[in-house]
Amino acid sequence: MPADEATTRTNQLQFQNPVTRYPSIEPPPQHQDEPGLASEMAPQADIGEFSYTGTGRLTGRKALVTGGDSGIGAAVAIAFAREGADVAITYLSEEEQDAREVVRILVETGRNAVALPGDLTDVAFCREVVDHAAEQLGGLDILVNNAGKQVAVDSLENLTDSQIEQTYQTNILAMFRTSRAALTHLPPGSTIINTTSVEAYQPSPLLVDYASTKAAINNFTKGLSHQLADKGIRVNAVAPGPIWTPLQPSSGQPPEALPEFGHSTPIGRAGQPTELAPAYVFLASPESSYVIGATIHVNGGMPTP
Ligand code: NAD
Ligand code: MG
């Protein structure tokens with residue numbers, strides 16, 4: 001992946017001004033068919049290839065990251081591998097090109113990297129992909145439920161049953177299924193991390209289906225965390241704000257809204273995917289042993305309850 005204006009070679013541990021760590025990008029109006037490819041975005045997003053520096057915090061761990069081919073999932077997969085974990089990623093078959101690029105970066109760390117294409121709206125795939133990840137990694141102790149679908153629609157009258165069902169299947173129903181399948185593999189000390197959104201608290205009028213799945217994810221995270229706490233399995237969530245990923249130019253936002261994407265946050269710019277990675281690393285690592293049922297907000301300062 002080429003470095004360009006939105007990538008950095010300054011690692012995440014260097015003292016720096018968060019306002020200027022990345023430029024305030026103004027992506028030109030653009031459109032891709034879902035699910036979108038990172039390689040087709042203008043500008044490119046920063047998944048940490050040239051910057052994320054590991055410190056051994058996940059040495060020997062075994063992680064499955066859904067939607068790990070691009071955006072936040074790719075940044076998390078790269079960070080996990082650089083922290084010493086073996087990593088499996090899931091993605092849709094249309095995203096093979098992005099997945100190969102992420103696997104190339106994972107393999108450079110010397111850790112085991114496993115690519116598992118498939119559709120999480122398929123009930124059987126949700127179970128099989130977890131079993132395959134555990135087989136190919138030789139176990140599983142981190143599950144990151146991160147895959148998501150976001151398609152902006154201007155009114156409830158124009159929101160189709162098909163879209164409502166696919167958004168719910170992808171964002172929340174799959175999360176029940178992959179988490180259930182993972183329970184046969186996860187030993188005490190394991191963690192499940194779910195990607196929710198600031199949309200759970202501040203639903204956009206264009207995203208009523210998507211935003212309501214994100215509220216459900218928050219509730220699921222808290223309920224499941226209570227259910228699994230005494231088994232030594234911790235469940236937490238990360239709630240990103242506006243992050244520049246393929247989700248946004250592939251119908252996640254109206255194309256004309258893209259130049260302003262993220263500008264209304266207190267920090268004044270969109271986030272880059274690699275800025276999410278440390279939150280997932282913290283929740284995956286044993287250092288967060290007393291953090292259960294929590295949501296970490298990584299949103300440039302947008303107020304949350
Ligand atoms: P992304 O497009 O890079 O990642 C989403 C991934 O979901 C895709 O790469 C794809 O592999 C996967 N996916 C979608 N539908 C699928 C299906 N039916 N089966 C299997 N996989 C499927 O975008 P992203 O922004 O990095 O999204 C990751 C997560 O972050 C999502 O849950 C999204 O809702 C959440 N999020 C994103 C933002 C943002 O501003 N980008 C903000 C809040 C939350
Ligand atoms: Mg993708």
Side-chain angles (χ1 to χ4, degrees), residues 1-30 38 41-55 57 70-80 82-83 105 146 148 150 152 193 195-204 206-207 211 214 236-249 252-283 288 291 294-305:
M1 198 167 291
D4 77 3
E5 57 166 310
T7 61
T8 179
R9 289 172 192 270
T10 305
N11 84 32
Q12 81 279 8
L13 301 172
Q14 182 162 332
F15 182 68
Q16 56 193 317
N17 183 342
V19 177
T20 53
R21 180 181 178 192
Y22 289 99
S24 180
I25 54 167
E26 294 183 12
Q30 57 198 285
M41 297 169 72
Q44 294 285 293
D46 191 350
I47 56 174
E49 176 182 3
F50 304 109
S51 57
Y52 190 91
T53 303
T55 54
R57 292 158 80 195
S70 60
I72 296 165
V76 169
I78 290 167
F80 280 9
R82 291 188 182 171
E83 295 287 355
I105 300 168
N146 167 76
Q150 173 185 325
I193 306 165
T195 303
T196 174
S197 171
V198 70
E199 289 286 331
Y201 316 99
Q202 299 182 25
S204 157
L206 306 180
L207 296 173
K214 294 298 175 178
N236 290 287
V238 176
I243 312 300
W244 182 233
T245 70
L247 198 73
Q248 305 301 348
Q253 303 287 330
E256 64 277 10
L258 293 176
E260 290 293 309
F261 182 66
H263 289 195
S264 64
T265 57
I267 200 172
R269 63 171 177 83
Q272 292 292 333
T274 193
E275 295 185 275
L276 274 293
Y280 289 81
V281 169
F282 170 69
L283 292 174
S288 57
V291 182
T295 302
I296 298 186
H297 305 282
V298 187
N299 67 21
M302 297 167 81
T304 51

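Each residue takes its place number in the sequence, starting with 1. Remember, it's a predicted structure, so these values are computed and weren't measured experimentally.
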>> Between N299 and A239 (side chain of the first, backbone of the second, donor and acceptor by atom type, cut-off under 3.5 Å), is there such a pair?
In response: no

>> For T53 versus E83, what's the shortest heavy-atom pair and its separation?
In response: O-OE2, 4.1 Å

> Would you say Q272's side chain and Y22's backbone share a donor-acceptor pair under 3.5 angstrom?
Replying inline: no

> Measuring from Q14:CD to R21:CZ, what's the distance to the nearest 0.5 Å?
Replying inline: 9.5 Å

> Under the 3.5 angstrom rule, does the side chain of R82 hit a backbone N or O of Y52 as a donor-acceptor pair?
Replying inline: yes

> Which heavy-atom pair separates P273 from T245 by the least distance, and what is that distance?
Replying inline: CG-CG2, 4.0 Å

> Is E49 reaching over with its side chain to a backbone N or O of D46, donor-acceptor style, under 3.5 angstrom?
Replying inline: no

> What residues form a side-chain hydrogen bond (donor to acceptor under 3.5 Å, both in side chains) with Q253, not counting sequence neighbours?
Replying inline: Q248

> Any side-chain heavy-atom pair from S264 and M302 closer than 4.5 angstrom?
Replying inline: no

>> Checking T274 now: which residues fulfil side-chain hydrogen bond (donor to acceptor under 3.5 Å, both in side chains) with it, not counting sequence neighbours?
In response: none

>> If you apply the rule side chain to side chain contact (heavy atoms under 4.5 Å, CB included), what do you find for H263 with S24, and how did you get there?
In response: CA-CA 7 Å; H263 289 195; S24 180; 3.4 Å; yes

> Could you state the interatomic distance from CE (M41) to OG (S70), rounded to the nearest 0.5 Å?
Replying inline: 8.5 Å

> Would a distance-only check, ignoring hydrogens and angles, find a side-chain to backbone donor-acceptor pair under 3.5 Å from T295 to A237?
Replying inline: no

> Mind checking what makes ring-ring contact (aromatic ring centres under 6.0 Å, His included) contact with Y201, not counting sequence neighbours?
Replying inline: H297

>> Just so I know, are the side chains of T55 and L13 near enough to count as touching, which here means a heavy-atom distance under 4.5 Å?
In response: yes

> side-chain hydrogen bond (donor to acceptor under 3.5 Å, both in side chains) with N146: which residues, sequence neighbours excluded?
Replying inline: T195

> How far apart are the closest heavy atoms of P255 and P259, and which atoms are they?
Replying inline: O-CD, 3.8 Å

> Taking all atoms of both residues into account, what is the closest heavy-atom pair of W244 and F261, and its distance?
Replying inline: N-CE2, 3.9 Å

>> Can you list everything that forms a side-chain hydrogen bond (donor to acceptor under 3.5 Å, both in side chains) with T265? Sequence neighbours excluded, please.
In response: none

>> Please find the pair of heavy atoms, one from L206 and one from P254, that lie closest to each other, and give the distance.
In response: CD1-CG, 3.7 Å

>> Checking L258 against Q30 for the side chain to side chain contact (heavy atoms under 4.5 Å, CB included) test, could you report, in this order, the C-alpha distance in whole Å, the side-chain angles of both residues, the deciding distance, and whether it holds?
In response: CA-CA 8 Å; L258 293 176; Q30 57 198 285; 3.7 Å; yes

>> Tell me the closest heavy-atom pair linking G252 and A152, and the distance in Å.
In response: O-CB, 3.7 Å

> Could you give all pairs that pass the salt bridge (charged side-chain N to carboxylate O under 4.0 Å, His left out) test and reach residues 261-274, with sequence neighbours left out?
Replying inline: R269-E275

> Does E26 use its side chain to pair, donor to acceptor, with the backbone of E260 at less than 3.5 Å?
Replying inline: no

>> Can you tell me how far apart CD1 (I296) and CG (L276) are? Round to the nearest 0.5 Å.
In response: 10.5 Å

> Where the side chain of E256 meets the backbone of P29, is there a donor-acceptor pair that is under 3.5 Å apart?
Replying inline: no

>> How long is the straight-line distance from CD1 of I105 back to CD1 of I78, given to the nearest 0.5 Å?
In response: 4.0 Å

